[in-house]
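Working notes for the structure below.
Remember, it's 1-based here, ligands and their atoms both numbered in the order they're listed. Note that this is a predicted model, so its numbers are computed, not measured.
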Amino acid sequence: MELITWTNDFSVGVTEIDNQHQKLVKMINELHQAMKKGKGNSYVENIIKQLIDYSIYHFETEEKYFDKFNYPESKSHKEIHKKFINDISVFKDDFENNKIMLTLDVLNFLSNWLREHILGVDMDYSDFLIDNGLK
Ligand SMILES: [Fe+2]
């Protein structure tokens with residue numbers, strides 16, 4: 001079973017962003033699979049790195065539109081992105097230094113974060129971006 005399943009509830013109504021969110025969902029499920037199958041550390045490390053890189057890329061996409069259209073919640077939303085990248089980078093370093101393992105707790109943190117982020121603050125910009133012509 002997938003740890004996190006994409007449903008239409010997750011759609012912010014902008015295809016580019018929905019596609020990126022789907023990719024993040026997929027990557028978290030890949031991590032979950034890797035953990036369940038007991039894949040080696042280098043394999044897991046690689047997916048974590050990809051997840052960080054893709055998150056950065058995705059946040060840049062959202063923030064590009066915030067800047068372009070002067071989104072009023074831009075500052076606080078950017079702070080949330082920054083904190084997530086910081087948290088997951090700390091996790092990556094700890095994992096690489098064998099301080100922690102990839103556990104269901106970590107995976108639940110990632111999947112809950114993504115779910116709550118999309119359904120919460122991301123959904124808040126949906127109408128704003130659509131009103132500015134995105135689809
Ligand atoms: Fe976001």
Side-chain angles (χ1 to χ4, degrees):
M1 212 187 115
E2 288 176 318
L3 188 68
I4 172 167
T5 304
W6 173 273
T7 64
N8 271 336
D9 295 347
F10 288 87
S11 174
V12 296
V14 178
T15 308
E16 182 186 11
I17 294 174
D18 282 349
N19 287 343
Q20 292 182 358
H21 283 155
Q22 281 172 2
K23 167 113 178 158
L24 289 169
V25 164
K26 203 173 150 211
M27 292 175 107
I28 290 172
N29 284 324
E30 269 169 23
L31 264 183
H32 183 224
Q33 284 299 320
M35 188 197 78
K36 282 207 300 193
K37 289 181 182 158
K39 293 270 187 183
N41 280 13
S42 61
Y43 182 91
V44 172
E45 260 169 48
N46 192 28
I47 308 182
I48 296 170
K49 272 187 200 137
Q50 286 179 39
L51 180 61
I52 294 174
D53 288 347
Y54 197 76
S55 298
I56 292 171
Y57 167 75
H58 164 62
F59 293 159
E60 280 171 359
T61 302
E62 288 187 350
E63 292 176 13
K64 174 184 76 184
Y65 292 125
F66 295 168
D67 292 344
K68 188 172 177 190
F69 303 125
N70 262 315
Y71 181 50
E73 303 302 322
S74 174
K75 195 166 175 278
S76 59
H77 199 137
K78 285 179 182 177
E79 285 298 322
I80 296 168
H81 287 167
K82 221 167 131 187
K83 185 172 184 313
F84 178 77
I85 295 298
N86 189 60
D87 286 350
I88 189 171
S89 300
V90 169
F91 165 69
K92 176 181 141 284
D93 291 345
D94 285 351
F95 182 80
E96 283 175 359
N97 295 319
N98 294 313
K99 284 192 196 152
I100 53 167
M101 285 169 52
L102 179 65
T103 60
L104 205 52
D105 278 353
V106 172
L107 283 160
N108 281 331
F109 164 76
L110 292 173
S111 61
N112 288 337
W113 188 91
L114 186 63
R115 185 183 298 110
E116 281 161 25
H117 188 79
I118 295 174
L119 296 177
V121 286
D122 282 354
M123 218 46 84
D124 287 345
Y125 64 53
S126 174
D127 287 348
F128 178 84
L129 293 187
I130 291 167
D131 288 347
N132 277 283
L134 296 191
K135 55 187 174 190

Between Q20 and T61: side-chain donor-acceptor atoms closer than 3.5 Å: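 Side-chain D/A pair, Q20 to T61: present.
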Is any NZ, NE, NH1 or NH2 atom of the basic residue among D53 and K49 found under 4.0 Å from an Asp or Glu carboxylate oxygen of the other?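 Here D53 does not pair with K49 in a salt bridge, since their nearest N and O are not under 4.0 Å apart.
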Which count of protein N, O or S atoms is obtained for distances strictly below 2.8 Å from the Fe ion (ligand 1)?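 For the Fe ion (ligand 1), the figure is 5.
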In a table with atom names and distances, give each donor-acceptor pair under 3.5 Å that connects a side chain of residues 95-113 to protein atoms at least two apart or in another chain.
| residue | atom | partner | partner atom | Å |
| --- | --- | --- | --- | --- |
| N97 | ND2 | D93 | O | 3.0 |
| T103 | OG1 | D105 | N | 3.3 |
| T103 | OG1 | V106 | N | 3.3 |
| N108 | ND2 | L104 | O | 3.3 |
| S111 | OG | L107 | O | 3.1 |
| S111 | OG | N108 | O | 3.4 |
| N112 | OD1 | R115 | NH1 | 2.8 |
| N112 | ND2 | N108 | O | 3.1 |

Looking at CD1 of I52 and CD1 of I47, how far apart are the two atoms once the value is rounded to the nearest 0.5 Å?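 The CD1 atom of I47 is 12.5 Å from CD1 of I52, to the nearest 0.5 Å.
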Residue list, ring pair (Phe, Tyr, Trp, His ring centres under 6.0 Å) with Y54, at least two apart or on another chain: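 Partners of Y54 under the ring pair (Phe, Tyr, Trp, His ring centres under 6.0 Å) test: Y57.
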Return the set of residues passing salt bridge (Lys or Arg N to Asp or Glu O under 4.0 Å) with K68 (not counting sequence neighbours), or none when no residue passes.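 Listed in chain order: nothing, the list is empty.
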